[in-house]
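Step one of this worksheet: look at the structure below.
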Amino acid sequence: MSDTVPLGGVAPVTRRVMNLTHLLTQTARRLPRHTAFVKGEATWTWAEVAAQAEALAGALTARGIGKGDRVLVHSKNTVQMILSMFACFRIGAVWVPANFRLMPKEVAVLAVSAGARGFLCHGDFPEHAAVVAAEATTIEFVWRFDEAARDTGFGEADVGERIAAHRGAEIAEAAVEHDDPCWFFFTSGTTGRSKAAVLTHGQMAFVITNHLADLLPGTTEADASLVVAPLSHGAGVHFLNILARGAPTILMPSEKFDVAEAWRLIATHRVTNLFTVPTILKLMVEHPSVGEHDHSSLRHVIYAGAPMYREDQKRALATLGPVLVQYFGLGEVTGNITVLPTREHTLDDGPAAHIGSCGYPRTGMQISIRDADGRELGPHETGEICVIGPAVFAGYYDDPAANAKAFHDGWFRTGDLGHVDEEGFVYLTGRASDMYISGGSNIYPREIEEKILTFPEIAEVAVLGVPDPLWGEVGVAVCVAREGAEIDEGRLAAALAAEIPRYKMPRRFVFWDALPRSGYGKVPKRMVREELEARGVLAEIAAERQTGAS
């Protein structure tokens, strides 16, 4: 063999892939008059969405935005936000959405870290527009999403006006390669500063195909999806699957989550699927309105972002039927690590039921449980969950230190702890940052939380380790009691004593009216810890130890 012939005998070629905006082009051709979006009394067809997205692409092109440029977007869930996604994809620019619940200075930090040239801002956020324009020197223009509630007039132009001015523009879909970025997916920052995970056109094509196969099998244009989470993150990825099949997406009429309205929309539009997180699903299932509306159309209620506690899972199954689908996956892997499909969700607690599992590896993905030295562990050994496969992101933007930390020998390190069983089902123990060491023993909060939630008086709980001069760390359980329940620290501790070993027993049980939540509906331990400190609980524990209290 000649030395000039590459390995495998195939010369390297350009990895040209489909521009993601072509999904919209295909759907609009096939189903031009089919409903794409519903919000309140307004509806949009796929043909209208495609035409408006192309017009917005023309407007961005005229403003000097081109391939590789980053466009920051800060918006509530609106159709114009989705138009901006496809306008960016079409011209090869990078869509950089921010969670609309972030504060102005937080969005400005994202603008700077992304090096964004343009800022498209929902009309209800004039303060965000002002701060970003003042603090992000790379921002050249601000356009206002005029699909808004507040009467504001900031920015260089309204997006609706720019779309109207460029109606009929013919903007070719930019040629893209597999690793060309299309989306900066900002991590939620539960353990530190948010980082921009670079998602690419080639990667996302695989993710959409995989989601449809493993999460939403059988989905067609006859389905319908309800959005109950920010489109800037997981709900936006979910939407791309719905777009690919041509089904309508139903948007909530306001950003304030109204459970009764969600159930009404499910009944009215015969919604078949939705994406959410366990805390929101729990809220929906336990709300009295769930029994007032027909939800028999639901086939796939997908939850992710955190495992669902077993007692909550049982209640959801009893209320909604066999419709639950769980997946485990970070933004960096675009939610594409495991799946626990509907058939694996059961009310049976028998040994064959895989209770507590977040599922098995997704098609085309490989999982490995590894120790701190990168050594692969066997079944039932706890270590860090690592993953390889086409859904893994290209890396963090402009952050070589974070990239070096995130990968080991080609494997992406999720930062989550867990183990697998002999069948390959994955069981999450928790975030590596959540584990604490008390008296030399590793304590995994989730195990204790599951036990506490078996008590009917407890609605929610978060267990975390706090500093202790004698044991290194001790546990604190922050509980939310169900309305009308009679439970206190002494009674809960006494009842729990028969359920868990003494060394795992939390030192304190505190009761709050509610747990703090992030903009994604999660309960980050960081926020719970900050609240414990603000309420003086950490100081109380330290004082108890100093005075010799047990």
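Using a distance-only test at 3.5 Å, with no hydrogens or angles considered, no donor-acceptor pair links the side chain of Asp158 to the main chain of Gly160. In this structure, Ser194 contributes its side chain and Thr187 its backbone to a donor-acceptor pair below 3.5 Å. Side-chain atoms of Gln80 do not come within 3.5 Å of backbone N or O of Val159 as any donor-acceptor pair. Checking side-chain atoms of Asp258 against main-chain N and O of Glu261 turns up a donor-acceptor pair under 3.5 Å. Between the side chain of His128 and the main chain of Ala108, no donor-acceptor pair closer than 3.5 Å is present. For Lys39 (side chain) and Asn77 (main-chain N/O), a donor-acceptor pair under 3.5 Å exists by modelled atom type. A donor-acceptor contact shorter than 3.5 Å is absent between the side chain of Ser225 and the backbone of Thr249. Panel note: side chain Asn336, backbone Val333; no donor-acceptor pair is recorded below 3.5 Å. With hydrogens and angles ignored, the 3.5 Å screen pairs no side-chain donor or acceptor of Asn210 with any backbone N or O of Phe206. In this structure, Thr338 contributes its side chain and Phe328 its backbone to a donor-acceptor pair below 3.5 Å.
Salt-bridge formation is detected for the pair Arg413/Glu384: a Lys NZ or Arg NE/NH1/NH2 atom is positioned less than 4.0 Å from an Asp or Glu carboxylate oxygen. Between Arg150 and Asp124, none of the side-chain N atoms (NZ, or NE/NH1/NH2) sits under 4.0 Å from a carboxylate O, so this pair counts as no salt bridge. For Arg117 and Asp69, the salt-bridge test passes: some basic side-chain N is under 4.0 Å from an acidic carboxylate O. Checked for salt-bridge contact, Glu449 and Lys525 meet the test: a charged N lies under 4.0 Å from a carboxylate O. Salt bridge Arg526/Glu530: present, at least one basic N to carboxylate O contact under 4.0 Å. Taking 4.0 Å as the cut-off between side-chain N and carboxylate O, Lys105 and Glu135 count as a salt-bridged pair. A salt bridge links Arg482 with Glu286: the distance from a Lys NZ or Arg NE/NH1/NH2 to an Asp or Glu carboxylate oxygen falls below 4.0 Å.
Taking 4.5 Å as the limit, every side-chain heavy atom of Asp223 sits out of range of all side-chain heavy atoms of Ile242. Side-chain contact between Leu532 and Leu464 is present, with heavy atoms from C-beta onward closer than 4.5 Å. Side-chain contact between Ser75 and Phe100 is absent, with no heavy-atom pair separated by less than 4.5 Å. Residues Ile139 and Val132 have side chains in contact (heavy-atom distance under 4.5 Å, counting atoms from C-beta outward). With contacts defined as side-chain heavy-atom distances shorter than 4.5 Å, the pair Leu216/Ile302 qualifies.
One finds the CG atom of Leu243 at 12.5 Å from the CD atom of Glu221 (value rounded to the nearest 0.5 Å). For the atom pair CZ of Arg264 and NE2 of His269, the computed distance is 6.5 Å after rounding to the nearest 0.5 Å. Of the inter-residue distances, the one linking Glu533 atom CD with Leu538 atom CG reads 6.0 Å to the nearest 0.5 angstrom. For the atom pair CG of Leu56 and CD1 of Ile82, the computed distance is 12.0 Å after rounding to the nearest 0.5 Å. Rounded to the nearest 0.5 Å, atoms CG (Asp416) and CD1 (Ile337) are 7.5 Å apart. Note that NZ of Lys76 is 12.5 Å distant from NZ of Lys256, once rounded to the nearest 0.5 Å.
Using a 3.5 Å distance cut-off with no hydrogens or angles, the side chains of His22 and Arg90 do not pair a donor with an acceptor. Of the N and O atoms on the side chains of Gln203 and Asp179, not one donor lies less than 3.5 Å from an acceptor on the other residue.
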query: Is there a side-chain hydrogen bond (donor to acceptor under 3.5 Å, both in side chains) between Thr35 and Trp44 once you walk through the steps?
result: CA-CA 6 Å; Thr35 299; Trp44 293 256; over 6 Å; no
message: Set out, in order, the CA-CA distance, both residues' side-chain angles and the distance that settles side chain to side chain contact (heavy atoms under 4.5 Å, CB included) for Phe257 and Val228, then state yes or no.
response: CA-CA 7 Å; Phe257 184 54; Val228 296; 3.7 Å; yes
- request: Show your reasoning for whether side chain to side chain contact (heavy atoms under 4.5 Å, CB included) applies to Arg529 and Val466.
  value: CA-CA 8 Å; Arg529 188 181 305 278; Val466 302; 4.0 Å; yes
task: For Trp183 and Val237, run side chain to side chain contact (heavy atoms under 4.5 Å, CB included): C-alpha distance rounded to whole Å, both residues' side-chain angles, the deciding distance at 0.1 Å, then the answer.
output: CA-CA 11 Å; Trp183 183 337; Val237 176; 3.9 Å; yes
task: Would you please test Arg144 and Glu156 for salt bridge (Lys or Arg N to Asp or Glu O under 4.0 Å) and show each step?
output: CA-CA 8 Å; Arg144 171 182 169 271; Glu156 178 183 284; over 6 Å; no
task: Show your reasoning for whether side-chain hydrogen bond (donor to acceptor under 3.5 Å, both in side chains) applies to Glu332 and Tyr396.
output: CA-CA 9 Å; Glu332 292 90 336; Tyr396 297 110; 2.6 Å; yes
field: Intermediate values then yes/no, side chain to side chain contact (heavy atoms under 4.5 Å, CB included), Val96 and Val71
entry: CA-CA 6 Å; Val96 187; Val71 177; 5.9 Å; no
Candidate pair His238 and Asn273, rule side-chain hydrogen bond (donor to acceptor under 3.5 Å, both in side chains), full reasoning: CA-CA 10 Å; His238 183 84; Asn273 68 77; 2.8 Å; yes
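Heavy-atom minimum distance, Val176 versus Arg16: O-CD, 3.3 Å. Ala244 and Leu212 get closest at one heavy-atom pair: CB-CD1, 4.2 Å. Contact between Leu20 and Cys182 at its shortest, heavy atoms only, is CD1-SG, 3.9 Å. Across all their heavy atoms, Ala114 and Phe184 have their closest contact at CB-CD2, 4.0 Å. Taking every heavy atom of both residues into account, Met284 and Ala262 meet most closely at CE-CB, 4.2 Å.
Ring pair Phe37/Phe239 is parallel by interplanar angle, where below 30° counts as parallel and above 60° as perpendicular. In this pair, Phe393 and Phe412 present their aromatic rings perpendicular. The plane angle is above 60°, beyond the 30 to 60° band. Taking the six-membered ring where tryptophan is involved, the planes of His295 and Trp263 are tilted, since the angle between them lies from 30° to 60°. Classification of the His233-Phe185 ring pair by plane angle, with boundaries at 30° and 60°, yields perpendicular.
Within the structure, ring pair (Phe, Tyr, Trp, His ring centres under 6.0 Å) contacts touching residues 131-172 (residues at least two apart or in different chains) are Phe141-Trp143.
Annotation: cation-pi geometry satisfied between Arg362 and Tyr327 (NZ/CZ under 6.0 angstrom from ring centroid, within 45° of ring axis). Taking the ring axis of Trp512 as reference, the NZ or CZ atom of Arg535 stays within 45° of it and closer than 6.0 Å to the ring centre.
The neighbour count for Lys67 NZ, taken as heavy atoms of other residues, nucleotides or ligands under 6.0 Å away, is above 12.
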